[in-house]
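Everything on this sheet refers to the single structure shown next.
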Amino acid sequence: MYFALTAVILVAIFLIWLLNRSTLAITVEPENAIVTVDNRPLQQNTAGDIKTTLPPGAYNLRVEADGFVAKIETITLRRARSLKLDITL
C-alpha cells in the first residue's frame, strides 16, 4: 500500500514538473552565431542547433555574429509547449 502511494506521489510530482517546463529549439544561420536568452549564452551542437528547457514565461532572445546585424526579440514560452525558431542573420 505504501509503495503504491509513494509511486502515485512521485508520478504527480513528475507531471507537475513536466507541465511547468517549455522546450525552446533554435536553428541558427550562420552556425557560428552567438545565441543568448536573457543574457545567458546557449550551447549549440555541431550543426548550429540549440535545444533547451526553460520555465514558461517571456525571454529576451539575442542572436549575433561578426559581420551581421544582430537579431533581438522577445519570445514567450508557454507551459508544457515547444517553440521552434529558424533564425537567419
Side-chain angles (χ1 to χ4, degrees):
M1 168 133 174
Y2 292 115
F3 177 75
L5 180 59
T6 302
V8 169
I9 291 171
L10 290 175
V11 168
I13 291 170
F14 175 74
L15 289 175
I16 290 169
W17 176 84
L18 188 62
L19 288 174
N20 285 311
R21 305 305 282 174
S22 301
T23 301
L24 175 61
I26 307 171
T27 302
V28 181
E29 277 295 324
E31 292 177 4
N32 67 339
I34 297 170
V35 180
T36 60
V37 171
D38 285 350
N39 296 318
R40 289 177 297 210
L42 300 179
Q43 293 295 322
Q44 301 176 15
N45 63 22
T46 56
D49 298 329
I50 297 168
K51 186 171 183 182
T52 189
T53 304
L54 297 165
Y59 294 91
N60 294 313
L61 175 71
R62 182 180 180 95
V63 181
E64 56 189 329
D66 289 338
F68 294 88
V69 175
K71 181 172 182 109
I72 303 167
E73 64 180 84
T74 300
I75 59 170
T76 301
L77 299 177
R78 306 263 183 236
R79 191 172 77 167
R81 305 269 184 195
S82 295
L83 177 62
K84 171 118 176 74
L85 301 172
D86 294 311
I87 300 174
T88 302
L89 297 182

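All values below come from the heavy atoms of this structure, side chains included, with hydrogens, waters and symmetry mates left out. In what follows, residues are counted from 1 in the order of the sequence shown. Note that the coordinates shown come from a computational prediction; the quantities given were computed from them, not determined experimentally.
The closest donor-acceptor contact from the side chain of N60 to the backbone of D38 lies at 3.5 Å or more, if one exists at all. In terms of modelled atom types and a separation under 3.5 Å, the side chain of E31 and the main chain of Q44 share no donor-acceptor contact.
Considering OH of Y59 and CZ of R40, their distance stands at 7.0 Å, rounded to 0.5 Å. The CD1 atom of I75 lies 4.5 Å from the CG atom of L24; values are rounded to the nearest 0.5 Å. Expressed to the nearest 0.5 Å, how far CG of N45 lies from OG1 of T27 amounts to 8.5 Å. Distance check: L89 CG to D66 CG gives 11.0 Å after rounding to the nearest 0.5 Å. Put simply, CD on Q43 and OG1 on T52 are 10.0 Å apart, with the number rounded to the nearest 0.5 Å.
Scanning all heavy atoms of the two residues, the minimum distance from P56 to R21 falls at CD-N, 4.2 Å. In terms of heavy atoms, N39 sits closest to P41 at O-CD, 3.8 Å. When all heavy atoms of A80 and S22 are compared, the closest pair comes out as N-OG, 4.0 Å. Nearest heavy-atom pair, P55 versus L77, reported as atom, atom and distance to 0.1 Å: O-CD1, 4.3 Å.
In the displayed structure, N32 atom CG is contacted under 6.0 Å by more than 12 heavy atoms of other residues, nucleotides or ligands.
There is a path of hydrophobic side-chain contacts, each under 4.5 Å, that joins F68 to I26. Two different hydrophobic clusters hold V37 and I34 under the rule that ILVMFWY side chains link at heavy-atom gaps under 4.5 Å.
Counting only heavy atoms from C-beta outward, the side chains of L85 and L61 approach each other to under 4.5 Å. Residues K84 and D86 form a side-chain contact, since some pair of their non-hydrogen atoms from C-beta on lies under 4.5 Å apart.
Listed by chain and number, the residues in a salt bridge (Lys or Arg N to Asp or Glu O under 4.0 Å) with E73 are K71 (sequence neighbours excluded).
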